[in-house]
Novice: 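Have a look at this one.
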Amino acid sequence: MAERYDHDKVELKWQKIWEDAHCFEAKNDYTMPKFFPLIEFPYPSAQGLHVGHPRSNTAMDILARKRRMEGYNVLYPIGWDAFGLPTENYAIKTGAHPAKVTFENANRFRQQLKRLGFSFDWSREINTTDPSYYKWTQWIFLKLYEKGLAYKAEIPINFCTSCKVGLANEEVVDGVCERCGGTVIQKVRSQWMLKITEYAQRLIDDLDDLDFIERVKIQQKNWIGRSEGAEITFPIEGYPEGLKVYTTRCDTLFGATYMVVSPEHPIVEAMKDTIENMDEVRAYQQAAARKSDLERSELNKDKTGVLLKGLKATNPVNDQPIPVWISDYVLMGYGTGAIMAVPAHDERDWDFAKKFNMPIIEVVAGGRDVQEEVYTDVESGILVNSGFLNGMHVKDAIAAMIDWLEEKGLGTRKVNYKLRDWVFTRQRYWGEPIPLVNCEKCGWVPLPYEELPLVLPEIEDYQPTDDGSSALARATEWLKTTCPCCGAPAVREADTMPNWAGSSWYFLRYCDPHNDKELASKEALEYWMPVDWYNGGMEHTTLHLLYSRFWHKFLYDIGAVPTKEPYQKRTSHGMILGENGEKMSKSRGNVVNPDDVVNEMGADTFRMYEMFMGAFDQPIPWSTTGARGCRRFIDRVWRMQDMVSDVEGIRPEMMATVHGTIKKVTEDYEAMKYNTAIAAMMTWVNEIYNAGSVTKEEFHTLLTLLNPVAPHITEELNEILGYTQPLYATAWPTWDENALVKNSIEYGVQVNGKIRARIELPADMAKEEVEAAAKAHADVVPFLEGKTVRKVIVVKNIVNIVVG
RNA sequence: GCGGGAAUGGCGGAAUUGGCAGACGCGUACGGUUCAGGUCCGUAUGCUGGCAACAGCAUGCAGGUUCAAGUCCUGUUUCCCGCACCA
């Protein structure tokens, strides 16, 4: 009898063997077929590994292990995305150096990941905070700068009035500071920006050729937010350039009864001598600037605004004079910062018109009384009160109006995007220094490439300064330098890069992590790129995924990488929730520590349960008793060693099960249907227990299929069975379709669609005979008595007798 | 408000192109092994009625298409996620 399975002993034994054998390291043999699976590299936090990490890691580990067994050269890498706020905040609190904190946290993460038996190539481990890594992050930034894609702009940042710290958007939750709950206001600062908007169209178009799950494609497209419309200029007396507006509904131009500009619109300053009520207008502008994010975005809030008295604007389509208002419901950051208001056919304009008693003119018929209800339908509306557009459908009218506007020189076709340029600076210490210096004579000057990396200096106090600058602003010695251009005294940039920088290209570094000449060699990139399969969280769809696609396209444009896109395939896992069905968090007290699970049940059980608990892409609550069920299965597999019979090969009665399971498991792994793959193996084991014995070859096949999920116990049993070749070096089994063909079929016999009997018949029996056998079945006969058989359908494994 | 996803037993979830709903696991009940069990083995387990054979009802709700619907169509409710005054 086998001893009770000791998971600690077996798992640590095999982890050591794998490490000594270097068997999971990618080979530099570029003639082999390659497979490059990728998980989002973790942020090494002080809390250690979370149960969410292993879900993605295990899923990709299964594929990595399977593909190795199929003969692929697999690059399954790991590293640390280690710059960022939690570490810096911890440093501020404790005084420990962020680099030291990062080092310790990474050590703990590494130890935890190794204990779970992931087949990472540890020889290629990277860390974004390592100067030899961020040298290349800085290099990419300089290239962007060189090509005019990085520029400095005065833009408002989130500023916590209580911590006196600039915050990233993600750190502002419901309009208040995530850390202290203090009020967050907008503070204008000079910031480095990256022109991601220049890539907007390509970021949409190139999605077509990628194997991304549909949700991701849709979210990216929505985030980029392309819209087609027209830019129309409204003449204004005393303002020669006129007031430009952007609209997607130029068909409604006849219904424009007023205009609105955003509080920041330059026309106010330009026309300050003409505007009669400047005091009132200035007061409104200031009030708008003071509003917090929360107030500005509050739903259903009352529209506010002030009429710009004295401005004389004209509707270009009918030369009617129309008033101009200022209101914060118009955003400076989108379109032209000014709109034509068509209250009859736009909800916001309608609300505003009702509040300020502006006229509402119907120009699209099809709705109810526009004085009572706004009508925005574009599918069935017909133009009225619109001169030459009268009688047209909305879509035709839009086309006709654009043609007319272009012909008269009053407007142009225009595509707009919601996507904004990427605010690329943070007023923080723990990030990549920006390799630019400011010279009084030469302006901003890039460091020469050979001076990279520009290393982050040692400082005493990581707290940002009172005016919201980075702590580096106090590192006076470091800041002082000379201009690389003219040699005069100059000052370094004190802001650092956001933590999205290092993660925007890390997969490239994995291809050639120790290269000190370039970010990775051409040969390595040509062989390994693109990433074949990238799995990660949906929360990264619009930020990390979009940013890294943008950087990659830029690198492609300058010839630094061989592919247009970084990732060929993108999938996503569902979040693991607490046992109570809520999101796991310390405050809810429902956090499951992976260490505890591994201690009690072992890594194999933990991995298996994370894959078995439910559909991979769905969020799912953790269940410790459910995990124990997987441990029971592991134990059952362990005890099978006492059931091995002397019979050679695969028993004929087991052929269909063995080959069916090989097929099912092989296909389900690739489709990320891990739960049903495991269920199929459980079914097989149940069958073996019912039979009371198993042959060595059957057992070996099961172990091979199970190995990617539960690599430790399967290797141990493989050894116990006497196989000298470890499973990781064993070929993945193949199935024989012929073995799946059954010589009999169990038909379900229905009468009027209701199942009445089951009948086992030879597979090659003719339909007429099947029909006859079904009709003659004792359980069926009573339902046919006194009825006329109108029709009989025999298909697949169903016989349906229709009677009436 | 807009966009996306989901709804199946006590629970997590399975169900090729429409083809025997509830695989697999958890939980529960009973039986067995054991000095013992938070062990193991076996049996049962959608609901209702019936001792039973069996019958009826069942995939959020209401209709429809079909020999046949969890799956397709129309309408509707609830929940989750993302975006949110984007003109």
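In what follows, every heavy atom counts, from backbone to side chain, and hydrogens, waters and symmetry copies are set aside. Within every chain, numbering begins at 1; the chains are lettered A, B, ... in the order of the sequence lines, protein sequences first and strands thereafter.
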Novice: Between B:A23 and B:U16, how far is it from one P atom to the other, in whole Å?
Specialist: 15 Å
Novice: Over all strands shown, is A:Glu746 touching base, sugar-phosphate only, or nothing at heavy-atom distances under 4.0 angstrom?
Specialist: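 Touches a base.
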Novice: Roughly how far apart, to the nearest Å, are B:G19 and B:A68 at atom P?
Specialist: 14 Å
Novice: By nearest atom, which of the nucleotides B:C24, B:A87, B:C41 is closest to the A:Tyr334 side chain?
Specialist: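 The closest nucleotide is B:A87.
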Novice: Give one of base, sugar-phosphate or nothing for A:Asn416, where a contact means two heavy atoms less than 4.0 Å apart.
Specialist: nothing
Novice: Which nucleotide sits closest to the side chain of A:Phe612: B:C26, B:C24, B:A23?
Specialist: B:C24
Novice: I want to verify a distance call: between B:C24, B:C41, B:G27, whose nearest atom is closest to the A:Arg632 side chain?
Specialist: B:G27
Novice: Using the P atom as the point on both nucleotides, what is the distance between B:G31 and B:A21, in whole Å?
Specialist: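 So the two P atoms sit 34 Å from each other.
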Novice: Below 4.0 angstrom from OP1 or OP2 of B:C57, is there any side-chain N or O of A:Lys754?
Specialist: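 Checking A:Lys754 against B:C57: at least one side-chain N or O falls below 4.0 Å of OP1 or OP2.
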Novice: Of the options B:C24, B:A87, B:G42, whose atoms approach the side-chain atoms of A:Arg636 most closely?
Specialist: B:G42
Novice: With rounding to the closest Å, how many angstrom separate the P atoms on B:G63 and B:C80?
Specialist: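 Nearest-Å result for B:G63 against B:C80 at atom P: 28 Å.
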Novice: Taking atom P in both B:U78 and B:C61, compute the distance separating them and give it to the nearest angstrom.
Specialist: 15 Å
Novice: What interatomic distance, in whole Å, is found between P of B:G18 and the corresponding atom of B:G13?
Specialist: 25 Å
Novice: If I pick the C1' atom on B:G10 and the same atom on B:U28, what distance separates them, to the nearest angstrom?
Specialist: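 Nearest-Å result for B:U28 against B:G10 at atom C1': 9 Å.
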Novice: What distance, rounded to whole Å, do you find between the two P atoms, one in B:G22 and one in B:U59?
Specialist: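 After rounding to an integer number of Å, I get 14 Å for this pair.
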Novice: Identify the heavy atoms of A:Asp779 and A:Ala757 that sit nearest to each other, and give their distance.
Specialist: CB-CB, 4.0 Å
Novice: Of all the nucleotides listed (B:A14, B:G4, B:G19), which has the minimum atom distance to the side chain of A:Ala615?
Specialist: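 Among the listed nucleotides, the one closest to the side chain of A:Ala615 is B:A14.
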Novice: Within the 4.0 Å heavy-atom criterion, would you say A:Lys673 contacts the bases, only the backbone, or no part of the nucleic acid?
Specialist: sugar-phosphate
Novice: For the residue pair A:Lys303 and A:Tyr329, would you count it as a cation-pi contact if the rule is NZ or CZ under 6.0 angstrom from the ring centre and within 45 degrees of the ring axis?
Specialist: yes
Novice: Does a side-chain N or O of A:Ser227 approach OP1 or OP2 of B:A87 to a distance below 4.0 Å, or not?
Specialist: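 Yes.
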Novice: What does A:Val802 touch in the nucleic acid at a heavy-atom separation under 4.0 angstrom: a base, only the sugar-phosphate, or nothing?
Specialist: sugar-phosphate
Novice: Which nucleotide in the list B:G42, B:G4, B:G12 gets nearest to the side chain of A:Pro621?
Specialist: B:G12
Novice: Which way is the base of B:G56 turned, syn or anti, if we draw the line at 90° from 0?
Specialist: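 Anti.
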Novice: Taking only the side-chain nitrogens and oxygens of A:Asn675, find out if one of them lies under 4.0 Å from OP1 or OP2 of B:A14.
Specialist: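 The answer is yes; a side-chain N or O of A:Asn675 sits under 4.0 Å from OP1 or OP2.
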Novice: Would you say a side-chain N or O of A:Arg639 is under 4.0 Å from OP1 or OP2 of B:C41?
Specialist: yes
